[in-house]
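Here is the structure we will look at, set down as structure tokens.
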Amino acid sequence: MDIRQATIADLPGMQNANLTNLPENYIFRYYLYHALTWPQASFVATDASGRKIVGYVLAKMEEEPADGVQHGHVTSLSVMRTYRRMGIAAKLMVLSLRGLAESYGAKYVSLHVRKSNRAALHLYRDTLQFEVVEVEKAYYGDGEDAYAMKKDLSLLEDVDLQVEEGDDAYLIEAVENLKLSDDGHIIKN
Amino acid sequence: MCTGGDVRGQQKASMALQKSFPRRQYTLWTIASCYLLAISDVVTPQEKTLFSTLASRLIPLTEPVTTAEEAILKARVLELIPKPDGLISFLYDDATEKWNNLELATMRLEAVVKSERWDEVFDTSVATLTSENRDDFESWKQMAYATTKLDSEQRTRVFVELLEKRQKTRNGALAGVYYASLHGSEETFKAAKIYFENFARKQCAFEDLRPYVMAFDAHEWLAFVDEQITFSMSMENATQSEVDTLVNARKFHYLLAPESKSFVDENILLYNKLLTSPALQGKLETDYFYGDDLILMAATWLLEGRPVSSTVSKEDVTVAVIILLETAASRDKHQFHIRLWLTRLYLYMGCFQRALGHYSVLSIKNIQVDVLSHYLLSRVSTICPTWKPLISTRDIYDANAVQTPYHIKKVYENGAFSQVAGFMEFGKRLSDSINKGILCVEAKRIARMLDMKMDGLAINPILVSTKWKENRDFSIMYGITRKGEETLETKYRLGPKQTGVWVNAFILKESVIDDLLTADKRREYSSSLKDLLAKENLEALTPVEKWSLELVLQLSNVVDSPTPDSVTALQKCLTEGFENFAKQCDTSLSWEWFHLRFTLAETTKVVVASLDSLIALPGVKKNGKVVSSIISSKKAFQAAMNNLKEDAKKLKMGRANWTSACVKRISELDIVKNLDVS
């Protein structure tokens with residue numbers, strides 16, 4: 001598995017990786033906008049042959065931050081089903097967070113995740129140390145709530161260490177066994 | 001210049017700006033546009049050298065580099081210079097490495113690999129994997145290769161130690177297999193075993209090892225993978241990992257034991273047992289169940305005609321496979337591979353609406369329309385001429401025409417030089433997409449068949465000079481094919497693959513029809529069509545499509561020289577077409593049945609409408625013999641169409657009997673009886 005910077009030529013492969021993974025599919029120009037405006041923030045993962053795209057992350061800087069603080073936003077993260085549970089999502093995220101911090105001076109990064117998406121929640125909260133800021137009611141087009149999450153980018157080093165340490169076996173076991181409490185906290189068996 | 005995709009123009013404009021207003025930004029634009037020209041196919045080899053030299057000479061004017069994007073641009077220009085020393089020196093410079101940029105890191109490794117500097121390849125890879133903490137498979141692979149090339153005890157020890165330390169990471173373990181493959185099949189077998197012991201529970205394990213296993217002793221390998229299958233409780237309570245291991249093992253059986261008669265029965269049995277497992281019951285709706293691959297393998301095994309324990313006739317294979325796949329799809333809504341196969345198989349049987357139902361679940365949109373819509377819309381005008389699926393297909397091409405040029409301008413303005421070549425190429429690929437050409441033709445033909453207005457559907461004949469770009473993905477359909485074998489996608493395709501020749505042939509046909517009464521244009525397009533039919537490889541056309549094109553040429557002859565003889569020749573050609581094609585494919589459940597008859601109907605419609613227009617011309621109206629021939633021919637064409645419709649009606653009326661006979665036969669098949677449909 002290789003990870004490299006995303007280019008516009010990757011767009012067909014990225015959308016194939018996406019297919020029905022995520023109900024959100026942005027309009028065409030939004031993908032172009034990410035690729036040209038924030039090229040250091042978006043990455044793709046390819047299979048061993050280097051030809052097929054098996055995952056990607058799209059991220060950007062907020063152009064007019066409401067709080068006046070320069071920060072990034074993860075727009076979309078996706079890994080093809082056959083290549084899941086190997087830490088690819090975590091690695092894509094780490095590179096993207098690093099790109100936002102080092103290339104664009106982001107102080108923190110925000111994202112939204114569906115309340116029902118247990119695997120993603122585990123990745124963001126437990127592996128990457130994002131914190132839940134609030135629950136946004138009916139955030140998604142189909143009415144599902146979203147957790148609005150945030151990560152301070154001065155804390156990148158500890159995330160790197162966690163991802164590197166050994167296999168992602170702990171990720172698999174944790175995902176298989178986790179349950180969520182009513183307020184969205186993970187209860188381990 | 002950006003809007004029009006004119007790279008030469010971009011270069012001239014940026015040079016003019018740079019000379020008139022010597023700003024750093026304009027110099028960078030000049031460098032970028034010179035680079036684009038140097039890698040394009042619109043310049044001669046001499047010009048390539050000229051522009052790459054010009055770009056490299058302008059670089060010092062922009063130094064020092066102030067962003068990673070500028071560093072990438074400089075590296076790309078240096079890449080064009082034959083001697084790699086300048087590039088390598090730049091990429092390894094501290095000032096460049098400080099950008100900590102992944103694109104530059106990738107170029108660094110590529111540059112030393114290309115120059116076969118194996119010591120530097122080795123050292124760079126070690127640094128990437130250890131001190132930079134980047135688990136990059138390409139680095140692993142190149143390090144393994146460099147170790148072999150260097151053949152040094154010290155380097156080998158370092159590499160092997162790193163492999164052992166990282167054995168439990170997927171990239172490390174796979175690198176071990178790759179390294180072993182450079183040293184012989186026995187070593188590879190051992191390394192593959194270690195990999196599978198650690199990663200059998202990963203869904204990618206089969207794909208990772210597939211390139212290597214064909215060299216193994218099949219029995220030994222299959223015995224080993226079967227040993228890895230364990231269930232802590234029972235198969236009915238299998239966890240995700242246990243299911244993944246099982247399915248991976250079965251995939252190896254599929255690949256290495258193609259004569260096993262019990263394969264399909266075993267797979268169905270295993271699938272039935274897994275229906276109660278937490279892996280299926282507990283998954284998210286948008287996730288998919290890997291156990292479905294057991295059914296997919298059973299399906300493709302049958303489609304390939306491999307041995308089975310109880311025979312399934314050729315006539316019944318498609319229906320039996322559909323039943324298997326529909327059963328799995330009913331339990332797993334977002335199973336992409338199953339939906340795509342069902343789309344294809346229903347189309348193969350001429351059941352467009354059923355195919356459309358499954359295709360719609362895939363929610364294919366945006367750029368996927370260019371890449372994947374051919375799975376539904378290939379030859380749609382002659383399988384089921386329906387307008388609705390085509391409605392939104394043009395959006396992506398229209399969006400590209402506006403958005404991509406706008407964003408190319410922005411690329412220059414924002415200094416996103418790593419993207420500029422990609423944006424230009426992307427815009428061109430979409431603009432010249434074969435799929436776009438096909439959809440333009442199909443839209444026109446459908447509008448004709450449905451008597452719709454054709455406003456806005458005109459096709460510019462100049463498009464035949466397009467260098468059509470193939471963006472369609474034919475490899476995405478599920479299948480485990482051995483190297484060199486014909487894929488199942490090819491075997492179950494609806495006719496030969498439509499190529500640029502197909503697009504051009506039908507564009508010319510439409511141009512002949514549109515300008516039939518304008519002598520000079522008619523002759524020009526007819527001549528081009530005739531040339532194409534004589535000189536090009538016509539493998540992309542079905543026999544009835546070729547006939548349809550030839551008939552339009554006959555029609556053009558009639559308009560050129562309206563005589564009783566030319567009209568008779570036209571009638572003869574049309575009648576022969578009906579005699580040849582209207583009797584083919586007796587069963588209605590085949591795409592070919594519809595394709596033949598709709599093509600006959602469409603062509604007849606074109607001929608009749610054209611003759612109506614011809615007969616109204618003053619010069620022709622006065623010629624009683626010609627008018628009489630035309631009227632007589634039209635009657636014959638109408639009679640042929642009526643026969644076609646009568647045959648279709650009879651077939652439709654007989655469908656109920658066909659269906660009940662089919663259901664009776666299929667229900668007796670063991671594979672259907674064994675399937676748990678509860």
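So that the names make sense, note that chain A is the first sequence line, chain B the second, and so on, each numbered from 1.
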**Item:** Among the listed options A/T46, A/I3, A/T82, A/D10, the residue most often paired with chain B at heavy-atom distances under 4.5 Å
**Value:** A/T82
**Prompt:** With a 4.5 Å heavy-atom cut-off, do B/F426 and A/P12 have their side chains touching?
**Reply:** yes
**Prompt:** So which of B/E425, B/K410, B/E69 has the largest heavy-atom pair count under 4.5 angstrom toward chain A?
**Reply:** B/E69
**Heavy-atom side-chain proximity of B/W99 to A/S103 below 4.5 angstrom** = no
**Toward chain A, the part of B/E413 with a non-hydrogen atom under 4.5 Å** = neither
**Prompt:** Between B/T169 and B/N171, does any side-chain donor sit less than 3.5 Å from a side-chain acceptor?
**Reply:** no
**Message:** Contact between A/F43 and A/L58 at the side-chain level, heavy atoms closer than 4.5 Å - yes or no?
**Reply:** no
**Request:** Please state whether the side chain, the backbone, both or neither of B/N414 comes within less than 4.5 Å of a heavy atom of chain A.
**Result:** side chain
**Request:** Identify which part of B/L340 has an atom lying under 4.5 Å from any heavy atom of chain A, answering side chain, backbone, both or neither.
**Result:** neither
**Prompt:** For A/S76 and A/Y56, does a side-chain donor sit closer than 3.5 Å to a side-chain acceptor?
**Reply:** yes
**Request:** Heavy-atom distances under 4.5 Å only: say whether A/A45 touches chain B with side chain, backbone, both or neither.
**Result:** neither
**Asked** Non-hydrogen atoms of chain B under 4.5 Å away: do they reach the side chain of A/Q40, the backbone, both or neither?
**Response** side chain
**Request:** Mind ranking A/A9, A/A48, A/S49 by heavy-atom pairs under 4.5 Å with chain B and telling me who comes out on top?
**Result:** A/A48
**B/D244 versus chain A, the contacting section by heavy-atom distance below 4.5 Å** = side chain
**Prompt:** Between B/Y178 and B/W140, does the ring centroid distance fall short of 6.0 Å?
**Reply:** no
**Complete:** One option among B/L174, B/N471, B/I396, B/V402 has the most heavy-atom pairs under 4.5 Å with chain A, and it is B/I396
**Prompt:** Between A/N117 and A/Y147, does any side-chain donor sit less than 3.5 Å from a side-chain acceptor?
**Reply:** no
**Message:** Within the 4.5 Å heavy-atom criterion, are B/L362 and B/Y375 side-chain neighbours or not?
**Reply:** no
**Portion of B/D135 that has a non-hydrogen atom of chain A nearer than 4.5 angstrom** = both
**Item:** Residue B/N101 versus chain A: region with a heavy atom under 4.5 Å
**Value:** side chain
**Prompt:** For B/D370, is it the side chain, the backbone, both or neither that has a heavy atom under 4.5 Å from a heavy atom of chain A?
**Reply:** neither
**Fill in**
Counting heavy-atom pairs under 4.5 angstrom with chain A, the leader among B/N100, B/T106, B/D395 is B/N100
**Pair B/E242, B/S232: side-chain N/O donor-acceptor within cut-off below 3.5 Å** = yes
**Item:** B/V411 portion near chain A, given a 4.5 angstrom heavy-atom threshold
**Value:** both
**chain A contact via B/F423 - side chain, backbone, both or neither, heavy atoms under 4.5 Å** = both
**Request:** Could you tell me whether a side-chain N or O of B/D332 sits under 3.5 Å from a main-chain N or O of B/F289, the two making a donor and an acceptor?
**Result:** yes
